Amino acid sequence: MARLMLNREQLPEFIQRVAALRADSQRLWGTMDAGKMLAHLIFMMETSLGQHDVPDRSTPVIRTVGRLIVFELMTKWPRGKFKS
C-alpha cells in the first residue's frame, strides 16, 4: 500500500478508505477493532490540535532514565554519516 499525504487532493481517497471500514473488518495492526481504532485516531488528532488537555504524568527521574535507556542504550545512531 502506497503512503498518502494528508492534503486536499488525497482527501477523497481517505474518505473512501474510512467509509469502507466495517465493524467486522479484519484487524491489521494490533488488537483494536475498527471502531476503537477510529476513536483512537480521532482522539490523537484532536489532542495534537490542542482540543484535549492531557496531563503530564512523567517524573524527572523516569524521563531522564527512560531517555538514557531508549536513546543511548537501545538505539544505534549512525556515526560520521552527517556533518553537524
Side-chain angles (χ1 to χ4, degrees):
M1 176 173 29
R3 293 182 107 183
L4 298 174
M5 299 299 293
L6 186 55
N7 56 34
R8 290 198 183 275
E9 293 80 30
Q10 298 297 330
L11 187 58
E13 173 73 17
F14 280 100
I15 292 171
Q16 179 183 11
R17 291 170 70 176
V18 171
L21 290 174
R22 298 185 329 258
D24 61 342
S25 292
Q26 180 181 3
R27 296 180 217 162
L28 298 176
W29 306 280
T31 60
M32 288 189 220
D33 61 21
K36 288 180 183 177
M37 185 262 311
L38 285 175
H40 169 73
L41 292 175
I42 289 167
F43 181 75
M44 290 295 108
M45 180 63 76
E46 290 173 349
T47 301
S48 68
L49 295 172
Q51 296 177 4
H52 295 287
D53 289 331
V54 180
D56 181 5
R57 296 185 188 144
S58 65
T59 63
V61 172
I62 295 299
R63 279 194 305 266
T64 305
V65 172
R67 183 176 182 194
L68 173 70
I69 290 171
V70 172
F71 290 108
E72 297 297 328
L73 300 177
M74 294 177 64
T75 305
K76 268 198 150 168
W77 297 100
R79 305 278 184 211
K81 299 272 184 187
F82 304 101
K83 188 174 183 177
S84 57

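Along the sequence shown, the residues carry numbers beginning at 1. Here the structure is a predicted model, which means the values were calculated and not measured.
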- Message: For M44, I'd like to know if atom CE has over 12 heavy atoms of other residues, nucleotides or ligands within 6.0 Å.
- Response: yes
- Does L38 share a hydrophobic cluster with M45, counting links as ILVMFWY side-chain heavy atoms below 4.5 Å and allowing steps through other members? no
- Task: Look up atom CD1 in I42 and atom NE2 in H52, then write down how far apart they are to the nearest 0.5 Å.
- Result: 9.5 Å
- Query: Rounded to the nearest 0.5 Å, how far apart are CE of M37 and CE of M32?
  - Reply: 9.0 Å
- Item | Connected via hydrophobic side-chain network under 4.5 Å: I62 and M74 | no
- Item | Exercise: identify the closest heavy-atom pair between S25 and A20 | OG-O, 4.4 Å
- Query: Applying the 4.5 Å side-chain criterion to the ILVMFWY set and letting contacts propagate, would I15 and L41 be lumped into a single cluster?
  - Reply: no
- For the residue pair T47 and V54, what are the closest heavy atoms and their distance? CG2-CG2, 3.6 Å
- Hits for side chain to side chain contact (heavy atoms under 4.5 Å, CB included) against T64, two or more places apart or cross-chain, chain-then-number order -> none
- Item | Heavy-atom closest contact (S58 atom, R63 atom, distance) | OG-NH1, 2.8 Å
- Message: Take a 6.0 Å sphere around CD of Q26 and say whether it holds more than 12 heavy atoms from other residues, nucleotides or ligands.
- Response: no
- Identify the two heavy atoms, one from R27 and one from G30, that lie closest to each other, and give their separation to 0.1 Å. CD-O, 3.7 Å
